Novice: 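Quick one: this structure, given as structure tokens, is what I'll be asking you about.
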Amino acid sequence: MSWSRRDILIGAGLSAALGGAVLWRLSLDEGPGPTVALVDRAAAARIGRRLLEAARPPADGSAARQRIDTLIATLPAGTRAGDLRPALADWVAADFEEGRMVEVEGWYLTRTEADLAILAALEEAGAQTG
Amino acid sequence: MFIDARQLDDGSAIACDVAIIGAGAFGITLARALRGSGRDVVLIESGGLDFEDETQALYEGATDGIAYNLDTARLRYFGGSTNHWGGWCRPIEPEDFEARAWVPHSGWPVSRADLDPYYPRAQEICELGAFDYSVENLARLGPPLGLPGGKIADGFFQFSPPTRFGERYRDDIANAADIRCLLNANVTEIVAAHDAGSIARLDVATLTGKRFTVTAGTYVLAAGGIENARLLLASRSVAPAGLANDRDLVGRYFMEHPIFGPIASWICDAPERIAPYYGSYTALGDAVARGCLSMTPEYMAREGRLNTIFTFTPNDDVRYLPGRPAEDGPIPLETEMLTLLAGVEPGVEHTGKRVYMGCGTEQAPNPDSRVTLADEVDALGMPRTRLAWQITEGDRESLLANVATLAAAMGAWGHARLRRIVPADFAWNDIDMFWAHHHMGTTRMAAQASQGVVDANLKVHGLGNLFIGGSSVWTTGCGATNPTLSIVAFALRLAERLRAGEA
């Protein structure tokens, strides 16, 4: 299965629709997106591709983008992209504690990690097709 | 002393104070503990001192439901199944004795406090270390994992050499003036008195055709978790439905411990946090220990789950090289998962550890999981065993939920991600796993005769002089705790009551 430029744009559009609560305009086409928090975006993209291929929730770029933007909106004003990684660690820990997990090929990861992995996969695809 | 029953005169009548059927962990322990009590004990063993095919074949039977090999799951000679046990020991946890609202038919009529006085001596008999299974004791060797969330508990097993009761205690039986151990002697019926309120005698046969009887004041059936039920059901000359089976409970509630090895793997970015005792047999004082993980009582109560005990073995290193695609390893996405862990920094090479995890898991008591008699008879003319073992969808769901809970705890810990190896939709009959050979529940213990076969003192409800020993009296599966240590503790408890004249 492949994913289209349209998927990416829909995801970005939903993000923009969240309005002023979002600190960054997290366009996949402009500047660093939330996947900057990942240690290795290429590795995460491989996870994301498996999630998209599995075509199960949350294998949906727009929904993933919306959930990540909602999390980012909880950060203090002025938070910089470089500060995103500690926040991600907190979100991941909270997800595990609350049992918000996603399975991919038997692996358990958090919904937030899965969302970022999907975004990384879509970014990669966008770069390849754009 | 040992007596080869094949040398007895046909039609002999042997009398004693206590007749014990079965020279396994329970029977040998009970006989030894009664030495010097002034009671004349006859210990009746189907086999000889060594394995013989013809005797072992008496265990063959038929199965319905889940496939099970009845004749290799236990051993039929002096020492019983301790001749092939693995030596894994843990006491039954206090919460296992309690009635659990989410586990139908749970709740023993005894508590852990009733067994605690006997566990230290049972530890000695099983050649273990001190009776201290506390996490604090384990922590003397290094910090336990201590996974967050309060759902996963650290613990450990102690390991018996394993004690082969038939070898280790053979001389004790041979030299005891008040024990006669009849070898090659097969009890074919426990014959009730005509009022069916007590036992009148045992009918015994040898494979060479000799027939004789044993009479006693007290009878103890300790032939194993399957054979106990078979012998009661086959004892029907007075009670047509089988002895002690007027409520149709004998043979029901059969339980085992499904074993998965492995059920999961995990990747850890901080191998130094995995204490060596989790992965290998480690000296702990005078004990040999190995760490394990299990579900906490609080979690099981809150989520309505059964228990699962996890053990694990660190495997190969897994290297993460920034910017390089992951190499294909035995576990897909493993390196990618490593990059999600707290200890991996951007642009820095890192070495993680692959860990394989096995488990034993609990099944809930199920009256439809049962031992009955087959139409076919064995060489002695006794009906063979038919086992219709069932494990339910609820048991499967509980196991999978426990694996997911462990995955979440490892994730919250920050240093591991877990991959379940078995598919989520596995079927018990199709999955690659094996069994612990722990046969439980077929003569279950309950305070009331309507709920079980024996009472809190192992006495058969409604029969004045018959007791049952072994894990057939287990009311629940007790997590995946191996039963031998507790079987020995129960034998010591019964011996004390018999010596005191309380039973």
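Below, chains carry the letters A, B, ... as their sequence lines are ordered, and counting in each starts from 1. Because the structure is a prediction, the values reported are computed rather than measured.
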Novice: With only heavy atoms counted, which part of B:I421 is less than 4.5 Å from chain A, the side chain, the backbone, both or neither?
Specialist: neither

Novice: Which region of B:L341, side chain (C-beta onward) or backbone (N, CA, C, O), has a non-hydrogen atom less than 4.5 Å from a non-hydrogen atom of chain A, or is it both or neither?
Specialist: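 The backbone, not the side chain.
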
Novice: Check this for me: does any side-chain nitrogen of one of B:E345 and A:R85 sit under 4.0 Å from a carboxylate oxygen of the other?
Specialist: yes

Novice: Taking every heavy-atom pair that is under 4.5 Å apart, which of B:G347, B:A409, B:A404, B:P148 has the most such pairs with chain A?
Specialist: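 The option with the most such pairs is B:A404.
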
Novice: Are the side chain of B:R417 and the backbone of A:L109 linked by a donor-acceptor contact shorter than 3.5 Å?
Specialist: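 A pair under 3.5 Å: no.
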
Novice: State whether a side-chain donor-acceptor pair under 3.5 Å links B:R420 with A:Y108.
Specialist: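 The answer is yes; a qualifying pair exists.
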
Novice: Testing A:I47, A:V39, A:T110 for side-chain contact (heavy atoms from CB on, under 4.5 Å) with B:L340, which one passes?
Specialist: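 Passing option: A:I47.
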
Novice: Find the distance between CZ (A:R41) and OG1 (B:T339) and round it off to the nearest 0.5 Å.
Specialist: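 Atom-to-atom, A:R41:CZ and B:T339:OG1 are 12.5 Å apart.
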
Novice: Heavy-atom pairs under 4.5 Å with chain A: which of B:S265, B:G149, B:A407, B:A342 has the most?
Specialist: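 Among the listed options, the one with the most contacts to chain A is B:A407.
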
Novice: Please tabulate, for the side chains in residues 86-96 of chain A, all donor-acceptor contacts under 3.5 angstrom to protein atoms that are two or more places apart in sequence or on a different chain.
Specialist:
| unit_1 | atom_1 | unit_2 | atom_2 | d |
| --- | --- | --- | --- | --- |
| A:D95 | OD1 | A:R100 | NE | 2.8 |
| A:D95 | OD1 | A:R100 | NH2 | 3.0 |
| A:D95 | OD2 | A:T112 | N | 3.1 |
| A:D95 | OD2 | A:T112 | OG1 | 2.6 |

Novice: Measure distances from B:A424 to the heavy atoms of chain A and classify the residue's part below 4.5 Å as side chain, backbone, both or neither.
Specialist: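 For B:A424, neither part sits under 4.5 Å from chain A.
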
Novice: Could you walk me through whether A:V104 and B:M337 pass the side-chain contact (heavy atoms from CB on, under 4.5 Å) test, one step at a time?
Specialist: CA-CA 11 Å; A:V104 54; B:M337 292 295 161; 3.9 Å; yes

Novice: Check this for me: does any side-chain nitrogen of one of A:R50 and B:E336 sit under 4.0 Å from a carboxylate oxygen of the other?
Specialist: no

